[in-house]
Amino acid sequence: NNMINSIKTFSNFHRKEVILIVHLGYKTNKLQDITELRKQLLIKSKKAYNKILKDCDNSYIEVCLENSPPACASSDEHHVIDVCFEDISSRLGNHGFVLDISHFKLAELYYKQNEVTFPAMDVINPYSLKNIKNYIKMAGNRIKWVHISDSTGCKGDDEGKVVGEG
C-alpha cells in the first residue's frame with residue numbers, strides 16, 4: 001500500500017498517467033493438487049487485484065495485469081495462474097492488460113516439447129496459447145501495452161533474449 005500511495009502521490013502531483021503493471025501469477029515448486037490450487041489462487045488473486053484497483057481509485061494510475069511465464073528464471077518454481085489469457089480475463093473487467101510476448105512464447109513452446117514438465121501447464125489446455133493470433137483475438141482492445149523480447153525455449157532462463165535471437 002505504501003508503494004501505491006507513493007505512485008499515486010507522484011502521478012497526482014504531476015497529473016501524469018502511470019501504468020502500473022501487476023503480476024499476480026503465483027509460483028510454486030510443490031506438486032500438490034494443481035487443479036485445486038489454481039482455483040484457490042484465482043480467487044485470492046481476484047481479491048488482491050480488486051484491492052489494488054481500489055487503492056488506485058481517483059488517480060492517474062492505470063492498473064494492468066501482465067501474463068506470466070510458465071516458469072521462473074534461476075529457480076525451480078513454476079507459475080500456477082495467469083500464463084493463459086483465460087485466467088486473466090476473469091479479473092480484467094474494463095481494465096488494461098500487458099501482453100509480454102516472451103512470456104507468451106515460452107508458454108506456447110511448452111506444448112511443443114517433451115523436455116520439462118510444469119504441472120500447472122499440464123492441467124490447462126487453453127485456446128489462447130495455441131498461437132499468438134488466438135491470444136490477441138481473445139485479449140482484443142484490452143491490450144494496453146506490449147512488452148517485446150524474444151525467447152529460445154520454454155524454461156525461465158530462455159526468456160528475455162534480444163529480438164531475433166529466439
Side-chain angles (χ1 to χ4, degrees), residues 1-5 7 19-57 61-132 134-140 142-147 149 151 153-160:
N1 201 356
N2 286 339
M3 177 195 64
I4 291 176
N5 284 337
I7 295 168
I19 298 174
L20 179 63
I21 301 168
V22 180
H23 271 279
L24 292 174
Y26 293 90
K27 305 175 284 189
T28 186
N29 60 5
K30 297 180 177 39
L31 298 177
Q32 68 261 33
D33 182 355
I34 295 294
T35 303
E36 183 58 33
L37 180 62
R38 279 180 45 77
K39 287 179 190 173
Q40 292 170 9
L41 292 177
L42 285 167
I43 292 167
K44 183 177 180 179
S45 66
K46 184 171 181 97
K47 289 177 184 174
Y49 181 62
N50 287 338
K51 181 177 181 344
I52 292 168
L53 289 174
K54 184 178 177 191
D55 290 345
C56 293
D57 268 352
I61 299 173
E62 180 171 359
V63 180
C64 293
L65 291 175
E66 179 178 350
N67 57 312
S68 295
C72 305
S74 306
S75 135
D76 64 346
E77 294 181 313
H78 57 275
H79 287 270
V80 179
I81 61 170
D82 288 358
V83 176
C84 62
F85 189 73
E86 288 84 342
D87 285 352
I88 294 166
S89 67
S90 66
R91 285 172 278 149
L92 271 185
N94 294 323
H95 297 280
F97 169 71
V98 175
L99 173 57
D100 187 308
I101 299 295
S102 181
H103 292 176
F104 164 79
K105 199 65 182 167
L106 292 167
E108 180 189 45
L109 291 172
Y110 176 79
Y111 292 111
K112 297 177 180 177
Q113 59 84 43
N114 294 316
E115 180 185 337
V116 295
T117 299
F118 304 129
M121 295 292 288
D122 292 338
V123 299
I124 60 173
N125 187 17
Y127 175 78
S128 67
L129 295 181
K130 302 290 184 209
N131 58 58
I132 193 68
N134 289 0
Y135 210 107
I136 291 171
K137 183 178 173 182
M138 288 187 76
R142 292 180 282 186
I143 297 173
K144 300 294 182 198
W145 192 275
V146 178
H147 178 195
S149 62
S151 60
C154 65
K155 297 178 283 187
D157 293 334
D158 296 331
E159 76 168 305

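Position 1 is the first residue of the sequence; numbering continues from there. The figures here come from the full heavy-atom set of this structure, side chains too, leaving out hydrogens, waters and symmetry mates.
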Checklist entry - How long is the span from the CD1 atom in Ile21 to the NZ atom in Lys144, to the nearest 0.5 Å? => result 13.5 Å

Checklist entry - Any side-chain heavy atom of Ile34 sitting closer than 4.5 Å to one from Asp122? => result no

Checklist entry - Asp100 side chain to Asn67 main-chain N or O, any donor-acceptor pair under 3.5 Å? => result no

Next on the checklist: Checking Ser89 now: which residues fulfil side-chain contact (heavy atoms from CB on, under 4.5 Å) with it, not counting sequence neighbours?
Outcome noted: Phe85, Arg142

Checklist entry - Would you call the rings of His79 and His23 parallel, tilted or perpendicular, where under 30° means parallel and over 60° means perpendicular? => result tilted

Checklist entry - Got a sec, which residues hit side-chain contact (heavy atoms from CB on, under 4.5 Å) with Lys137, two or more places apart in sequence or on another chain? => result Tyr127

Item to check | Results of salt bridge (charged side-chain N to carboxylate O under 4.0 Å, His left out) for Lys112 - residues two or more places apart only | outcome: Glu108

Next on the checklist: According to side chain to side chain donor-acceptor pair (under 3.5 Å), who are the partners of Lys46, at least two apart in sequence or on a separate chain?
Outcome noted: none

Checklist outcome for this item: By side chain to side chain donor-acceptor pair (under 3.5 Å), Asn114 pairs with (sequence neighbours left out) none

Checklist entry - salt bridge (charged side-chain N to carboxylate O under 4.0 Å, His left out): which pairs involve residues 83-95, sequence neighbours left out? => result Arg38-Asp87, Asp82-Arg91

Item to check | Nearest non-hydrogen partners of Val80 and Ala120, listed with the distance | outcome: CA-CB, 3.7 Å

Item to check | Any residue meeting side chain to side chain donor-acceptor pair (under 3.5 Å) with Gln40, in chain and number order, not counting sequence neighbours | outcome: Glu36

Checklist entry - What residue among Val22, Leu99, Val98 forms side-chain contact (heavy atoms from CB on, under 4.5 Å) with Cys64? => result Val98

Item to check | Results of side-chain contact (heavy atoms from CB on, under 4.5 Å) for Val146 - residues two or more places apart only | outcome: Ile101, Ile143, Ile148

Checklist entry - For Asn5, which residues count as a side-chain contact (heavy atoms from CB on, under 4.5 Å) partner, sequence neighbours excluded? => result Asn1

Next on the checklist: Test of understanding: with side chain to side chain donor-acceptor pair (under 3.5 Å), list the residues that count as partners of His95, not counting sequence neighbours.
Outcome noted: none

Checklist entry - Does the pair Ile4 and Cys56 meet the rule for a side chain to side chain contact (heavy atoms under 4.5 Å, CB included), with working shown? => result CA-CA 7 Å; Ile4 291 176; Cys56 293; 3.7 Å; yes

